[in-house]
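Structure, as structure tokens:
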Amino acid sequence: MYHHVKKLMYTVEIGEPDPRFGRMLLEQFGGANGELAAAMQYSIQGFNCEDDARKDLLMDIGTEELSHLEIVGALIRMHLKPMKESREAAEADPLVAIARGGGVALQDSVGNAWTANYLKVTGDLAVDLRSNIAAEARAKIVYERLIGFTQDAGSRQALQFLMTREITHMRAFSAALESMEKPPFSIGIIQPTPGLVDQFVNASTGEGEEGRDAEGPWNSGNGLHIVRPKAEGGSGLNTKPYDPQPGTEKTSPVDSTPVGEYLNGARAKKPKQRVQHAKAS
């Protein structure tokens, strides 16, 4: 059940309205990394989540994102207000001024309509939590860039508040993923092909104005090693056929139910771990 309270989570105040900046702010209202996308992504993941404790986390943060949407909407409305009376202001974005009446709209900063295609919902808890960590990082950097394009103190302070909450949510999602006690690269129920999983192809070769070959822990560390393509006289990737082995990957008691008809008995799961917790009133 949702209940709207007629009070912003953060009180927004601005100095002089800036319609062009208001248009930029639409990126965080109806854009791919905006607050509506976050609210819908986390809430739908929560609807699907089979673990009560992490479902609660997803619904908590999804609901807070709706509050953030309201803050961004208030900020946009204040900056776009001159569009209602001034043709010069309206020319900053005729679509918003004429079609939307100079108010907030479900579009991004260049007029693209909001779409559910922005949402990353796989139905696998560990995968969705990883998507959410990345989503919070993207939103944080967008807020940071918006701060870089306004000198209005009230706007900067509101954006600082919103930017900070992205990091809070990233920490919460990271902790939830870690609490599943899975190895960092354990996804699903089928282990990757042995040997092949450790091979890194040096597919960007040579040296020139675009750079040179480099080695680091991303290609020759953490169990990885570089292989040269066969076209360059190397051994290439291990392409020996290997049958999928359902049930071989390390899982967590709170993992989502596996999906698929041909899992060879790997559908059986450990009993759910119910985490008892109380919320502060």
Margin query: Between N238 and V227, does the side chain to side chain contact (heavy atoms under 4.5 Å, CB included) criterion hold? Intermediate values first, please.
Written below: CA-CA 10 Å; N238 171 22; V227 297; over 6 Å; no

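- The two residues T251 and G188 make their nearest non-hydrogen contact at CG2-O, 3.7 Å.
- With values rounded to the nearest 0.5 angstrom, L159 atom CG is found 6.0 Å from L75 atom CG.
- Nearest heavy-atom pair, N222 versus P217, reported as atom, atom and distance to 0.1 Å: ND2-O, 3.4 Å.
- Residue M163 is grouped with residue L25 when hydrophobic side chains (ILVMFWY) are merged at heavy-atom distances under 4.5 angstrom, including chains of intermediate members.
- At distances below 3.5 Å, not a single donor-acceptor pair connects side-chain atoms of S67 with backbone N or O atoms of M9.
- Across every non-hydrogen atom of W218 and L224, the tightest pair is O-CD1, 3.3 Å.
- For the pair I71 and F161, the minimum side-chain heavy-atom distance is below 4.5 Å.
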(Q) If you apply the rule side-chain hydrogen bond (donor to acceptor under 3.5 Å, both in side chains), what do you find for N132 with Q45, and how did you get there? (A) CA-CA 10 Å; N132 297 352; Q45 289 174 358; 2.6 Å; yes

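- Checked by atom type and distance alone, the side chain of S86 pairs as donor or acceptor with a backbone atom of A89 at under 3.5 Å.
- Under the salt bridge (Lys or Arg N to Asp or Glu O under 4.0 Å) criterion, R165 pairs with E64, sequence neighbours left out.
- Residues P246 and Y262 fail the side-chain proximity criterion, which asks for heavy atoms closer than 4.5 Å.
- Donor-acceptor pairing under 3.5 Å is lacking for the side chains of N219 and N202.
- Relative orientation of the H169 and H68 rings is parallel, given thresholds of 30° and 60° on the angle between their planes.
- Pairs passing the salt bridge (Lys or Arg N to Asp or Glu O under 4.0 Å) check and including a residue from residues 225-237, sequence neighbours excluded, do not occur.
- When all heavy atoms are compared, the tightest approach of Y10 to A158 is CE2-CA, 3.6 Å.
- Although no hydrogens or angles enter the test, the distance criterion places no donor-acceptor pair under 3.5 Å between the side chain of E27 and the main chain of D108.
- Between the side chain of S252 and the backbone N or O of M180 there is at least one donor-acceptor pair closer than 3.5 Å.
- Residues H79 and S155 have side chains that bring a donor and an acceptor to within less than 3.5 angstrom of each other.
- Identified under the salt bridge (Lys or Arg N to Asp or Glu O under 4.0 Å) test for residues 142-156, with sequence neighbours left out: K140-E144.
- In this structure a side-chain-to-backbone donor-acceptor pair under 3.5 Å is missing from Q160 to Y143.
- Residue pairs satisfying the salt bridge (Lys or Arg N to Asp or Glu O under 4.0 Å) criterion with at least one member in residues 178-201, sequence neighbours excluded, are listed as follows: K182-D255.
- Under the salt bridge (Lys or Arg N to Asp or Glu O under 4.0 Å) criterion, the residue pairs touching residues 4-24 are R23-D93, with sequence neighbours excluded.
- D52 and K55 are not joined by a salt bridge, as no carboxylate oxygen comes within less than 4.0 angstrom of a charged side-chain nitrogen.
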I'd like to know whether I167 forms a side chain to side chain contact (heavy atoms under 4.5 Å, CB included) with E136, so could you lay out the CA-CA distance, the side-chain angles of the two residues, the decisive distance to 0.1 Å, and finally the verdict. CA-CA 7 Å; I167 300 301; E136 296 293 327; over 6 Å; no

Check step by step if side chain to side chain contact (heavy atoms under 4.5 Å, CB included) holds for D128 and K120. CA-CA 7 Å; D128 284 345; K120 310 302 179 192; 5.8 Å; no

- Query: For M59 and F47, what are the C-alpha separation, side-chain angles and deciding distance, and is it a side chain to side chain contact (heavy atoms under 4.5 Å, CB included)?
  - Reply: CA-CA 8 Å; M59 298 307 297; F47 297 160; 3.5 Å; yes

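- Side-chain atoms of S186 never come within 3.5 Å of backbone atoms of E249 as a donor-acceptor pair (strictly under, hydrogens ignored).
- Using modelled atom types, no side-chain atom of T122 and backbone atom of V127 make a donor-acceptor pair closer than 3.5 Å.
- Between L26 and V96 the shortest side-chain heavy-atom distance falls below 4.5 Å.
- E91 pairs by the salt bridge (Lys or Arg N to Asp or Glu O under 4.0 Å) definition with R87, not counting sequence neighbours.
- A donor-acceptor contact shorter than 3.5 Å links the side chain of T248 to the backbone of Q245.
- Put simply, the side chain of H225 does not reach to within 4.5 Å of the side chain of S220, judged on heavy atoms.
- Distance alone, capped at 3.5 Å, places no donor-acceptor pair between the Q107 side chain and the W114 backbone.
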